Amino acid sequence: MKSLIKLQSVMDEFTTEHYKITANMIAVFCFVAARSDKIIETRHLPEELGLPQTTINRLVRTMADRSYCREDGLKWLRITTDPQDERQRIVELTVKGRQLANRVKEILENDQ
């Protein structure tokens, strides 16, 4: 039962940040946050998360600076071009994204 309460707290944390958060957005965000010490190229995300590349691109862009739906994105992720291969995009957490990831981690590690 504690796990379900923690899950609800994590969901509350995300919905406080954005009221239209989706499970796929959380999956992409958590994948990137859990691997923040690694270089993550968007081309690897479909295989890892079981989502189509177009969905990944839309979700990443929504959580970055620009969104398809609105002028400003959530600013949780930063998209940069790979210096070795300019066709590829690298995704990483922004300061705002790291803050959210730390709050989620705190909820999950709390023993209460």
Side-chain angles (χ1 to χ4, degrees):
M1 196 57 118
K2 281 184 180 181
S3 296
L4 293 176
I5 292 169
K6 285 183 181 186
L7 179 60
Q8 181 60 51
S9 296
V10 167
M11 295 297 294
D12 289 344
E13 196 65 44
F14 278 104
T15 55
T16 298
E17 288 286 324
H18 182 59
Y19 71 100
K20 285 188 173 181
I21 195 78
T22 66
N24 285 341
M25 289 171 79
I26 294 172
V28 170
F29 178 84
C30 289
F31 183 88
V32 173
R35 292 154 184 82
S36 62
D37 59 331
K38 296 182 172 121
I39 294 174
I40 300 170
E41 293 181 347
T42 56
R43 67 180 168 154
H44 296 138
L45 294 176
E47 183 180 329
E48 295 288 340
L49 297 170
L51 297 169
Q53 184 69 53
T54 55
T55 300
I56 295 290
N57 292 343
R58 184 175 31 81
L59 294 172
V60 167
R61 189 169 175 180
T62 298
M63 290 186 285
D65 293 335
R66 296 183 319 268
S67 172
Y68 286 111
C69 302
R70 31 190 260 238
E71 192 171 311
D72 291 330
L74 298 173
K75 298 182 178 20
W76 296 344
L77 302 177
R78 178 179 304 111
I79 305 168
T80 55
T81 303
D82 186 335
Q84 279 88 27
D85 184 352
E86 293 183 4
R87 298 171 297 168
Q88 303 306 322
R89 301 292 177 255
I90 296 171
V91 63
E92 60 188 329
L93 294 178
T94 62
V95 172
K96 186 176 178 182
R98 277 193 297 277
Q99 290 170 346
L100 176 58
N102 287 335
R103 290 194 308 269
V104 168
K105 183 179 174 187
E106 205 173 280
I107 291 167
L108 294 174
E109 290 177 349
N110 189 354
D111 287 334
Q112 295 180 0

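Values in this document were obtained by computation on a predicted structure and should not be read as measured data.
Here Arg78 pairs with Glu92 under the salt bridge (Lys or Arg N to Asp or Glu O under 4.0 Å) rule; sequence neighbours left out. Qualifying side chain to side chain donor-acceptor pair (under 3.5 Å) partners for Asp82, counting only residues two or more places apart in sequence or in other chains: none. Not a single salt bridge (Lys or Arg N to Asp or Glu O under 4.0 Å) links Glu106 to another residue, sequence neighbours left out. Applying the side chain to side chain donor-acceptor pair (under 3.5 Å) test to Asp85 and every residue at least two apart in sequence or in another chain returns Arg87. With sequence neighbours excluded, no residue forms a side chain to side chain donor-acceptor pair (under 3.5 Å) with Glu48. Scanning for side-chain contact (heavy atoms from CB on, under 4.5 Å) contacts around Leu7 gives Met11, with sequence neighbours left out.
Side chains of Val91 and Met63 form no contact here, defined as non-hydrogen atoms less than 4.5 Å apart. A 4.5 Å side-chain heavy-atom check between Trp76 and Val32 finds every atom pair outside the cut-off.
Taking each heavy atom of Cys30 and Phe14 in turn, the nearest pair found is SG-CZ, 4.3 Å. When all heavy atoms of Leu93 and Ala101 are compared, the closest pair comes out as CD1-CB, 4.2 Å. Nearest heavy atoms, Ala27 versus Leu49: O-CD2, 4.1 Å.
Interatomic distance, Gln53 CD to Glu47 CD, rounded to the nearest 0.5 Å: 11.5 Å. Atoms NE2 and OG1, from His18 and Thr62 in turn, are 7.5 Å apart once rounded to the nearest 0.5 Å. In this structure, Ile107 CD1 and Asn102 CG are separated by 11.5 Å, a value rounded to the nearest 0.5 Å. Residue Phe31 holds its CZ atom at 5.5 Å from CD1 of Ile40, rounded to the nearest 0.5 Å. Rounding to the nearest 0.5 Å gives a distance of 9.5 Å between CG of Leu4 and CD of Gln8.
For residues 7-19, the salt bridge (charged side-chain N to carboxylate O under 4.0 Å, His left out) pairs, not counting sequence neighbours, are Glu13-Arg103, Glu17-Arg103. Sorted pairs that involve residues 20-31 and meet salt bridge (charged side-chain N to carboxylate O under 4.0 Å, His left out), not counting sequence neighbours, are lacking altogether. Among pairs with a residue in residues 27-41, those fulfilling side-chain hydrogen bond (donor to acceptor under 3.5 Å, both in side chains) read Glu41-Arg43, at least two apart in sequence or across chains.
Within a 6.0 Å radius of NZ in Lys96, more than 12 heavy atoms belonging to other residues, nucleotides or ligands are found.
Side-chain atoms of Thr81 do not come within 3.5 Å of backbone N or O of Arg89 as any donor-acceptor pair.
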>> Evaluate Lys2 against Ile5 for side chain to side chain contact (heavy atoms under 4.5 Å, CB included), listing each step before the verdict.
In response: CA-CA 5 Å; Lys2 281 184 180 181; Ile5 292 169; 5.6 Å; no
>> Applying side chain to side chain contact (heavy atoms under 4.5 Å, CB included) to Leu59 and Leu45, what does each step give before you reach the verdict?
In response: CA-CA 11 Å; Leu59 294 172; Leu45 294 176; over 6 Å; no
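Annotation for Ile39: hydrophobic cluster partners, listed by chain and number, are Ile90 (ILVMFWY side-chain heavy atoms under 4.5 Å, direct or chained). Through direct or indirect side-chain contacts shorter than 4.5 Å among Ile, Leu, Val, Met, Phe, Trp and Tyr, Tyr19 is connected to no other residue.
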